[in-house]
Structures are given as structure tokens and as C-alpha cells.
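In the text below, chain A, chain B and the rest are named by the order of the sequence lines, each starting its count at 1. Quantities reported herein were computed from a predicted structural model and do not represent experimental measurements.
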Number of protein chains: 2
Amino acid sequence: MPTRDPKISPSVVRRLPIYLRHIQVLRGQGVERVSSQEMGNNLDLNPAQIRKDLASFGEFGKKGVGYEVSYLERKLRQILNLDRHIGVALIGAGHLGIALSNYARFQSERMTIDGLFDSDPQKIGAKIGHLTVEHVHDLETACQTRRMQIGIIAVPAIAAQGVCDALVKAQIRVILNFAPASLRIPRGVHLRNTDFTTELQSLAFYLADD
Amino acid sequence: MPTRDPKISPSVVRRLPIYLRHIQVLRGQGVERVSSQEMGNNLDLNPAQIRKDLASFGEFGKKGVGYEVSYLERKLRQILNLDRHIGVALIGAGHLGIALSNYARFQSERMTIDGLFDSDPQKIGAKIGHLTVEHVHDLETACQTRRMQIGIIAVPAIAAQGVCDALVKAQIRVILNFAPASLRIPRGVHLRNTDFTTELQSLAFYLADD
DNA sequence: TAGATTGTTAATCGATTAACAATC
DNA sequence: TAGATTGTTAATCGATTAACAATC
């Protein structure tokens, strides 16, 4: 396997799951081969970009032929670490947390939510799907004993930094934050914000002024 | 007001709500003036970038002094169209939809969810906060009579394209999609995808391989 | 005034796209 | 073989950052 190149750009990494999803659809349709041209058409991306993105991880295609769907899927899973189990800790058992925990295991059997936490005494012990809500106080221990590697913050903005700090303390190095707050993290931690307030407000810019 | 410059880049637009949020916090703290330097420190952004972003809409600061917090807030709201009422149609009354509709009205009293739709007969008529779940069949009429301008898709992937088409038919030109699906839209429609599956999968790339 | 900080131009950096030799 | 399509280099485009004159 090619060494993890620290020079792979974030833009490339963010397109990989899009390729993976498309490839999975193709496999479901029984398609065996696909060209960058066809993928580009379907995903509204430049074929050269797709080839370049993929080529930064190895030579997955055949000149004159294209990419073999099942092979490419396997490779993409490898690159994204989706070929092994990844445990996710989800903090916040409100509607958002429940919605996320229902999300069909992220369409990849290998990534699962292995812990659901909240600070509301009323919620502790409640069953949400196959999960039982635990107290955030137990987050650190749980992350270590259950070897969870990704944290999802789905709590109110006011509580987000505290949860973030707890995750960092628990050695979690990859965090997805849904709270509308700018979180402070130490170097070495990957934080991604999915802030729906921000998205909506920036979209409002494009409304016709009338 | 400066004319809507079609050359304002998406990257700039996406930072505006981040500035707005920070400015609101400052106002809440009673801060009256702020420099690009200070904002940059707090938001982890380059001060030159902040100045340049803001300057593309006018001269909001004073040389040697900085930006007046309340004036900048007012200007940012204007630019983002957040100084007037914006009606949002939310489709999907599952946990995600409920979470979104609870979201404190997007921290801007002027943007509100004015319609909540679903296709599940069981849900039609149910009360979610101050909203009553309506049938998607009524989406088009509702968007027009209630003059809703933004659509949020919070339905399963399989239903997303249908809802998207209905929104477009209802003259909605700005759409925020939460379903993990690549939607087809006609030119002139602004679509933003917030795909949490994709986010998580790309984050998995950064896990240490062990 | 002197120090500070904007608005803006120029320089740099990074990402996308075009083009094409290699080759299946 | 001839046509197709990759992998990759070079060209272009766009976004970020540095630098500084203008000025509060």
C-alpha cells in the first residue's frame, strides 16, 4: 500500500466518498467497468480531476479500458479506512443525535456508532435503537475500552466545547461537530464542522432581492 | 447598496455567516469595536482575508480604528438578506426534520420554518412545535401562498430527487439537501449538500492506520 | 502628532482543467 | 491493429496571504 501521503489535499479527500458512493451504485446496477468520462458526467465533475484524484493513490485503471468497478470500490474503501471496523462515539441524544444514530450505519457496515452519550439524567439508560444512552462522564472510559476513534458532537452550542475537550482527553483525534460553535482544538486533531445555521445563512445570500 | 456582484466567490459567501456569528457574540459581550486582527485570532482566519472579504461589499471599517461591531452586524445582515423575513419549507418530519425545526429559528428571528411536510399519512396533521405536518402534495401551493423561498430536504435518499423536483416546480431557487444523494437541478437553482455520510467517510481517511 | 489599522495591489500558493504520450 | 482511455505534465484559474500607502 502507498504510504499515507501527507500531501494529499483536503479537496481530494472530500471527493473520495463521492466516488465511492457512485461506484457502489454502479455495482448495484451490475456495471463492471466505468470510465472517468462517465463518472464525470454523473457526478458533475471534470474527468481529468477524477483521474488525477485516483492516481494520487495508485494506478487503479487500465489505459483504453477504464476502471473496474469492484476493484475501485475495494481500493477506495482501503484508502478511506472503511475496510475495517471504525467505532464512533455520538454525544447528544436529542432529535439530531437520534437521527444520526438511525442513519443506516452510514451505509458502510464497518463504521458503527458504539456509544451514545448525553448529560440529561432523564435520558440516561434510555434505549435508542440498539444503543443505551450513557452519561458523558463515562465518555473517556468508554472511548478507551471500546476503542472508539471518531466523535460526533450533537449537543447545543453552549455544551459543545466541553464535549470537544472531553473527546480530545479521551484520545479521539477525529471529530465531526454539528453544534454552531467555533471549537478550539489542539494540533493533531481533525475537526470538521457541519453547521447548518451557517449553511442556511450563506444560502440566503443567493436569494433574489425583492 | 452595492449591486449584487455576481463575481463574489462562494468561499467568501460561506465565511460571511461566520463573521456574523462572531460579531453577534462580541455585541453580546458589549464590545463596540473590533479589528481584523482580533477577529482573525478568534476565528483562525487570516486578517487580510477578513478585510478583503468585507471590502468586497463596501468600506465598513475605519483606518486606524477597526470595525464598529453594531454597524458591521447590520451590514452583514443586509448582505446576507437576513434583514428581512425569509420563509423556509422543510420537507421530512423525521428526527432530522424535527431537530432542524427546533434549531432556535436559526439564531435569526427573521428566518423561520413556515411549513413542515411529509408523505407519511401517519404524520400528517401532527404538531411539531408550532408547526403542523402537511402533505408533500401541498408543497407547491404552500410555497407560493406563503411565499417560502428556501427548501430543506430532510427525507431518505430514495425520496430526495422527487422532493427536489417538487421544490423546483414550486419556484424555490435555494435548496439545502441533507439526503445522501446527488441531486439533479436545473440552472439557476442553488443547491447545497450537507451530507453527513460523506463527511464521516472523508474524516475516516485521517484515522491513524493501526 | 504617532501608532494603529484599513482597503487594495502584488505575490504566492493551491486547485482545476487541458493536452497528450503511453498503452490496453 | 485502431479506438479508447488512462496517468501525468503543463497551463490556467482562483483563492489566500503579504505588503504597504492612505488615513483615522
Side-chain angles (χ1 to χ4, degrees), chain A residues 1-3 5-19 22-23 26 31-76 79 192 202 205, chain B residues 1-2 5-19 22-23 26 31-76 79 202 205:
Chain A
M1 206 200 305
T3 337
D5 193 337
K7 288 182 303 295
I8 301 293
S9 94
S11 333
V12 175
V13 175
R14 299 194 60 167
R15 280 189 295 269
L16 298 177
I18 296 171
Y19 302 151
H22 183 58
I23 281 292
L26 291 179
V31 177
E32 290 181 358
R33 264 190 302 275
V34 68
S35 68
S36 59
Q37 181 66 242
E38 292 170 289
M39 288 183 71
N41 283 157
N42 277 287
L43 299 174
D44 258 320
L45 295 170
N46 184 303
Q49 182 169 65
I50 297 175
R51 292 200 299 278
K52 203 166 196 276
D53 285 355
L54 297 176
S56 46
F57 299 99
E59 306 203 352
F60 303 148
K62 277 200 178 46
K63 295 193 170 87
V65 178
Y67 300 90
E68 201 208 319
V69 168
S70 65
Y71 181 70
L72 185 54
E73 179 177 357
R74 189 143 46 85
K75 282 302 177 181
L76 283 169
I79 294 163
R192 180 141 332 144
S202 70
F205 176 85
Chain B
M1 201 199 312
D5 193 336
K7 289 184 300 300
I8 299 293
S9 93
S11 334
V12 174
V13 175
R14 299 193 60 167
R15 280 189 295 268
L16 298 177
I18 296 171
Y19 301 151
H22 183 57
I23 281 292
L26 291 179
V31 177
E32 289 181 359
R33 264 191 302 275
V34 67
S35 69
S36 58
Q37 181 66 242
E38 292 170 288
M39 288 183 71
N41 283 157
N42 277 288
L43 299 173
D44 258 321
L45 294 171
N46 184 302
Q49 182 169 65
I50 298 176
R51 291 200 300 278
K52 201 164 197 275
D53 286 355
L54 296 176
S56 46
F57 298 99
E59 306 203 352
F60 303 148
K62 277 197 178 49
K63 294 192 169 86
V65 178
Y67 300 90
E68 202 210 319
V69 168
S70 65
Y71 180 71
L72 185 54
E73 178 178 356
R74 187 144 44 85
K75 282 302 177 181
L76 283 169
I79 294 163
S202 69
F205 175 84

Report summary line: Scanning both residues in full, the closest heavy-atom pair of Leu54(B) with Phe60(B) reads O-CE1, 3.7 Å

Query - Set of residues satisfying side-chain hydrogen bond (donor to acceptor under 3.5 Å, both in side chains) with respect to Glu38(A), sequence neighbours excluded - result: Ser35(A)

Report task. Would you indicate whether the side-chain heavy atoms of Phe57(B) and Leu76(B) approach each other to under 4.5 Å? Result -> no

Query raised in the report: Out of curiosity, Ile23(B) CD1 to Leu16(B) CG, how far, rounded to the nearest 0.5 Å?
Result: 12.0 Å

Query raised in the report: Can you give the dot-bracket line for DNA chain C, where a pair is Watson-Crick or G-U wobble with both atom distances under 3.5 Å, crossing pairs use [ ], and | marks a partner on another strand?
Result: ..||||||||||||||||||||||

Report task. Pull out every residue in residues 61-70 of chain B that has a heavy atom closer than 4.0 Å to any atom of DNA chain D, ordered by number, or say none. Result -> Lys62(B), Lys63(B), Gly64(B)

Requested in this report: State the CG-OH distance between Asp53(A) and Tyr19(A), to the nearest 0.5 angstrom.
Outcome: 3.5 Å

Report summary line: Whole-Å distance, Phe60(B) CZ to dC24(D) P, equals 17 Å

Report task. Treat primed atoms plus P, OP1 and OP2 as sugar-phosphate and everything else as base, then score nucleotides 10-19 of chain D 5' to 3': B for base contact with protein heavy atoms under 4.0 Å, S for sugar-phosphate contact only, - for none. Result -> -----SBBBB

Report task. Report the distance from atom CG of Leu54(A) to atom P of dT8(D), rounded to the nearest whole Å. Result -> 12 Å

Query - Reported CD1-to-CE distance for the pair Ile18(A) and Met39(A), which is rounded to 0.5 angstrom - result: 10.0 Å

Report summary line: Contacts of Arg74(A) meeting side-chain hydrogen bond (donor to acceptor under 3.5 Å, both in side chains) (sequence neighbours excluded), chain-then-number -> none

Identify every side-chain donor-acceptor pair in residues 62-73 of chain B under 3.5 Å, counting partners at least two apart or on other chains, and give the distances.
residue: Glu68(B); atom: OE2; partner: Ser70(B); partner atom: OG; Å: 3.1
residue: Glu73(B); atom: OE1; partner: Arg27(B); partner atom: NE; Å: 2.4
residue: Glu73(B); atom: OE1; partner: Arg27(B); partner atom: NH2; Å: 3.4
residue: Glu73(B); atom: OE2; partner: Arg27(B); partner atom: NH2; Å: 3.0

Report task. Output all residues satisfying salt bridge (charged side-chain N to carboxylate O under 4.0 Å, His left out) with Arg33(B), sequence neighbours left out; order by chain, then residue number. Result -> none

Query - Contact check, side chains of Arg15(A) and Ile50(A), non-hydrogen atoms, under 4.5 Å - result: no

Report summary line: Here the pair of heavy atoms bringing Arg192(A) nearest to Ser202(B) is NH1-OG, 2.6 Å

Query - Residue pairs fulfilling side chain to side chain donor-acceptor pair (under 3.5 Å) with at least one residue in residues 41-51 of chain B, sequence neighbours excluded - result: Ser36(B)-Arg51(B)

**Report entry** Contact residues, residues 33-42 of chain B to DNA chain C [heavy atom, < 4.0 Å]
**Finding:** Ser35(B), Ser36(B)

